Undergrad: 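Take a look at the following structure, please.
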2 protein chains.
Amino acid sequence: MSGEHRNDPERRKDRIASEYHLAVSVDCVIFGYDEEGLKVLLIKSDTPDYQGQLSLPGDLVHPTENLKNAASRVLEYRTGLTDVYMEQVLAFSEVDRHPAGRVITIAYYSLVEIDEYAAQKHSRMEAEWYDVNAIKELAFDHKAILDNCLTRLQLRLREKPIGFELLPDKFTLKQIQHLYEVVLGVKLDKRNFRRKLKSLNVLEDCGERQKAVNHRPAKLYRFNMEKYQKKKKKGMFMNF
Amino acid sequence: MSGEHRNDPERRKDRIASEYHLAVSVDCVIFGYDEEGLKVLLIKSDTPDYQGQLSLPGDLVHPTENLKNAASRVLEYRTGLTDVYMEQVLAFSEVDRHPAGRVITIAYYSLVEIDEYAAQKHSRMEAEWYDVNAIKELAFDHKAILDNCLTRLQLRLREKPIGFELLPDKFTLKQIQHLYEVVLGVKLDKRNFRRKLKSLNVLEDCGERQKAVNHRPAKLYRFNMEKYQKKKKKGMFMNF
DNA sequence: TCCCGAAAGTGTTTTAACGACACTAAGGTA
DNA sequence: TACCTTAGTGTCGTTAAAACACTTTCGGGA
């Protein structure tokens, strides 16, 4: 960890040596959600050492784009989606993490509505959705990347209203509660959850109800950004 | 932001082109604390475009080290200190952020005890401590880096006991309260703060008191890691 | 040695959030 | 029309947080 502490001679970033070989990539943890649980979009690696193993979609960063652009490009290539919630998480940099050479990668996660994805399915798409809890290993250090992104997602879900990014525009209270339960891995009390959510004043009643269910249909709600912007204040959002 | 979304042809990270020129650096936000407030260690840039302006210590990442090693190396070079609390924060990657070429930088912050630093002062040291609140601009995008690191520090200070890293081994309750006040930028109630801190059970009474003060001397405390490890549970630590 | 200044140290009361908990309402189906 | 299934709703006890003032202890100076 803090083993090699030589007092190096002066080095300056403005001396960018031409023999300096090091590549930078982005890797994308693309989360989706359906009734079964939290999903992540994975591809099969074609790197020899990890042939056929599941891995995260990613790519080298082009010289003319920043990291966010690169991550958006990868996301669009794999899902056809743009304007998606996305956040940078962490850089992974172990010297031997990639068999083909020195590659530092920056992890992003994003939240997509899984049905919208299906509709705009990319023709060359090899990617598929996998249940997050069922994933035991991935190629490279991608399992660690996934774990970090999931932890970050859980943190954010507690502190601001991003769960909506994973749901259709109109959703029931049961859906949003179930989403919180599966993403955070906790069981929540229906009445307390609803009380809390209503007190935050970020939901708008659509005036519609579920259709074609053989029981009392639930009201549909929509997330209202204006309400949130006004109400947002310091502190936690949903601290379970 | 999400402007250029071309559907690129397949690109793979294992095809690492030799013409691929892009450098990676680390930049270190080294925080210190004394009675006056929160400080950060800065140097004067010698990059032509920013000649003489204040900037964060940093360096290119060597081919044989990971990012944390690189950040530790920079830290030791500037302060002489090893085994310091350090956390990766965010990568900064705007294409034009560095005048000498394409450099992606990963920001780390670390917490050092400012007096310990002074004692082991590096002979060639050009770095100096500056009050964080007095810094209005820095070279490159370093002000944004500083702001991000400060925000991260504030978050961590609320969720786990890292304030101790900025203080001497033995400290008074007033010192730790003042640290929380200046880092978080809030005013805290003495009795409530002490009650909360004691309830967390992470402090150990040294059995000593302040010396040579012309008023009632305060007890000295020490942070006890074992107590913390046992007691640590989910949720916030100090939610002010 | 007595008085003063200055910071240390200590509890109680009020208020807000959280957790636990069970019944009635509404629609679909047989 | 009876029944199945999920929707929807309120109260009470517990716990955490915020507000708030006086006594103690030491050093220094008269």
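As the structure is a computational prediction, the values presented were derived from the model and not from experiment.
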Undergrad: Tell me, which of residues 167-178 of chain B have any heavy atom that sits under 4.0 Å from an atom in DNA chain C?
TA: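 When residues 167-178 of chain B is checked for heavy atoms under 4.0 Å from DNA chain C, the hits, listed by number, are B:Lys174.
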
Undergrad: How many Å lie between CD on B:Gln210 and P on C:dG9, as a whole number?
TA: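 Value for this atom pair: 8 Å.
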
Undergrad: side-chain hydrogen bond (donor to acceptor under 3.5 Å, both in side chains), that's the test. Do A:Ser45 and A:Ser55 meet it? Break it down for me.
TA: CA-CA 6 Å; A:Ser45 173; A:Ser55 74; 4.7 Å; no

Undergrad: Within this structure, what is the OH-to-C1' distance between B:Tyr221 and C:dA8, rounded to whole angstrom?
TA: 10 Å

Undergrad: Show each protein N/O and nucleotides 11-16 of chain D N/O combination with a separation under 3.5 Å, one pair to a line.
TA:
none

Undergrad: Any side chain to side chain donor-acceptor pair (under 3.5 Å) pairs touching residues 144-156 of chain A, not counting sequence neighbours?
TA: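 Those involving residues 144-156 of chain A are A:Glu87-A:Arg152, A:Glu87-A:Arg156, A:Lys143-A:Asp147, A:Arg156-A:Glu159.
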
Undergrad: With heavy-atom distances below 4.5 Å as the criterion, would you say the side chains of A:Asn224 and A:Val202 are in contact?
TA: no

Undergrad: Rounded to whole Å, how long is the line connecting atom NZ of A:Lys198 with atom P of D:dA7?
TA: 13 Å

Undergrad: Check every strand shown and say whether A:Lys211 touches a base, only sugar-phosphate, or nothing at a heavy-atom separation below 4.0 Å.
TA: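 Result for A:Lys211 = nothing.
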
Undergrad: Going by side chain to side chain contact (heavy atoms under 4.5 Å, CB included), name the residues that satisfy it together with A:Glu36, two or more places apart in sequence or in a different chain.
TA: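 Listed in chain order: A:Asp34, A:Lys39.
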
Undergrad: Starting at atom CZ of B:Arg194, determine the distance to atom C1' of D:dA17, rounded to an integer number of angstrom.
TA: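 B:Arg194 atom CZ is separated from D:dA17 atom C1' by 18 Å.
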
Undergrad: Classify every nucleotide of nucleotides 22-30 of chain C by which part a protein heavy atom approaches to under 4.0 Å, writing B for the base, S for the sugar-phosphate alone and - for neither, in 5'-to-3' order.
TA: B--BBBSS-

Undergrad: How long is the line joining CZ of B:Phe193 and P of C:dT10, in whole Å?
TA: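 The distance from CZ of B:Phe193 to P of C:dT10 comes to 15 Å, rounded to the nearest Å.
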
Undergrad: Between A:Tyr228 and A:Phe223, how do the two ring planes meet: parallel, tilted or perpendicular, split at 30° and 60°?
TA: tilted

Undergrad: Can you confirm whether or not the ring centre of B:Phe171 sits under 6.0 Å from the ring centre of B:Phe164?
TA: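 Yes: the rings meet the under 6.0 Å criterion.
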
Undergrad: Compile the donor-acceptor pairs under 3.5 Å between side chains in residues 131-139 of chain B and protein atoms, sequence neighbours left out, one pair per line.
TA:
unit_1	atom_1	unit_2	atom_2	d
B:Asp131	OD1	B:Asn133	N	2.9
B:Lys136	NZ	B:Asn133	O	3.2

Undergrad: Please report, rounded to the nearest Å, how far the C1' atom of C:dT10 is from the CG atom of B:Leu197.
TA: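 One finds 15 Å between C1' of C:dT10 and CG of B:Leu197, rounded.
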
Undergrad: Whole Å only: how far is the CG atom of A:Leu188 from the C1' atom of C:dC21?
TA: 16 Å

Undergrad: Rounded to whole angstrom units, what separation is found between the NZ atom of B:Lys219 and the P atom of D:dC26?
TA: 12 Å

Undergrad: Do A:Ile30 and A:Val40 have side chains that approach each other closer than 4.5 Å (heavy atoms only, starting at C-beta)?
TA: no

Undergrad: Do A:Leu153 and A:Ile162 come close enough that some side-chain heavy atom pair is under 4.5 Å?
TA: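 Yes, their side chains come closer than 4.5 Å.
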
Undergrad: May I ask you to decide if the ring planes of B:Tyr109 and B:Tyr85 are parallel, tilted or perpendicular, using 30° and 60° as cut-offs?
TA: tilted

Undergrad: Sort out for me which residue in A:Leu90, A:Leu56, A:Val29 forms a side-chain contact (heavy atoms from CB on, under 4.5 Å) with A:Cys149.
TA: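 Between A:Cys149 and the candidates, side-chain contact (heavy atoms from CB on, under 4.5 Å) is satisfied uniquely by A:Val29.
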
